[in-house]
*Asks:* 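The following block contains the structure, expressed as structure tokens.
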2 protein chains.
Amino acid sequence: MSAREDVLDALEQILIRDGERAATLDAVAAQAGVSKGGLLYHFGSKKALVEGLADRMRERAALDAQQMAEAPDGPSIYYVRTSVFEDTPFDRTLVAATRLSGGDDAPVHAAFADVREGWLALIREEVGDAATAEAIMLIGDGLYYNAVLDPAFPSGDVGRESSMAGLLAVVERLREEARGA
Amino acid sequence: MSAREDVLDALEQILIRDGERAATLDAVAAQAGVSKGGLLYHFGSKKALVEGLADRMRERAALDAQQMAEAPDGPSIYYVRTSVFEDTPFDRTLVAATRLSGGDDAPVHAAFADVREGWLALIREEVGDAATAEAIMLIGDGLYYNAVLDPAFPSGDVGRESSMAGLLAVVERLREEARGA
DNA sequence: GTCTATAGTACGATAGAC
DNA sequence: GTCTATCGTACTATAGAC
């Protein structure tokens, strides 16, 4: 039962570190410490392997949505605040899946659409105004994508971290203005 | 002289429509209407081909930065407003390059970093406050990445377009508040 | 459940004719 | 400047031993 999870961990690791093209069955098998044949016992094809990643993303996203809904500082701040890489299991899965977003992987795309819809709903519920909710979510999105697509990722972007406080202040102002309206 | 441009156009087309993995020399040559040998006369390797795309991106970005600096509604609004795909030559080059951002293409990454730095400088100059400038740029970034990474791209995302007016109002409010401070 | 060996295809790049 | 033909490698996937 653990070998399956090891393979998914290995896939994530390679996608995060080396990108989509590097995520071959050979490379994933080697990273997971199994042979290619062993890998293909658990996931019968590369397509099935990617679907396994999409499934894991849905599961972990559901847990994160719970956290977001119950966040003491509210879903808006939670979303922007957690849009920087923290190397949690969910972060790793999300970034790995993002690396596949350029291609035509239907399961991954569908999972992303559903997860994003849930996020936006929580933010909209908190701030009331649809345009403000979208603006707040986009700030988090921009933060996330910029970090993920950075060549230095995931070594960290110190400049970004120091500007987080000011950014959260802007988001909070946006939220309060929309609530007051 | 035109064959070179045709090849770059073909590379962009394939990256936009089918993603990074589909952009093989065979596919690009076929799309450009030349043989693989013919392609490799102009670009001696795949690496050289990608560098050609990065160079084109820098050239076209410089022209766009001029437009942005002189925009009647200001760089901030211009940036967010043009963060939706319009199928201009610059848009096509930018989206194509974004498709390569998951991998380890140093020339593409360097070009992106330089171009983005120029955008942020223009916005920061307009709004004064660094945190607000970053927030505004991130809204545009989020808008852009969401569109580009959408599976339906570039067929268009009608829902997004209808929310643009409200979003621009939020951006304008952010800008005016920062200016007044 | 995991391995080795191998089939079949696709890729990047070179050589040489025209 | 563009073509066809080809080499060597790397990829996905299968077959069959253990």
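All chains are named by letter (A, B, ...) in the order of the sequence lines, taking the proteins before the strands, and each is independently numbered beginning at 1. Side chains are part of it too, since the values below use all heavy atoms of this structure and drop only hydrogens, waters and symmetry mates.
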*Asks:* By ring-ring contact (aromatic ring centres under 6.0 Å, His included), which residues pair with A/Y78, not counting sequence neighbours?
*Replies:* none

*Asks:* For the side chain to side chain donor-acceptor pair (under 3.5 Å) test, which of A/R81, A/E126, A/R124, A/R175 pairs with A/S76?
*Replies:* A/E126

*Asks:* Nearest whole Å is fine: how far is D/dA10 P from A/D18 CG?
*Replies:* 16 Å

*Asks:* Does B/R60 pair with B/D91 as a salt bridge, N-O distance under 4.0 Å?
*Replies:* no

*Asks:* Let me have a per-nucleotide readout for nucleotides 10-17 of chain C, 5' to 3', with B, S or -, counting only protein heavy atoms under 4.0 Å.
*Replies:* -SBBB---

*Asks:* In the structure I gave you, are the side-chain heavy atoms of A/D104 and B/D18 within less than 4.5 Å of one another anywhere?
*Replies:* no

*Asks:* Can you measure A/R4 atom CZ to C/dT2 atom P for me and round it to whole angstrom units?
*Replies:* 12 Å

*Asks:* Which nucleotide sits closest to the side chain of A/Y41: C/dC3, D/dT2, C/dG1?
*Replies:* C/dG1

*Asks:* Indicate yes or no: does B/E176 engage B/R179 in a salt bridge with an N to O separation below 4.0 Å.
*Replies:* yes

*Asks:* To the nearest Å, how far apart are A/F43 CZ and D/dA13 C1'?
*Replies:* 16 Å

*Asks:* Taking only residues two or more places apart in sequence or in another chain, which ones pass side-chain contact (heavy atoms from CB on, under 4.5 Å) with A/S83?
*Replies:* A/Y79, A/L143, A/Y144

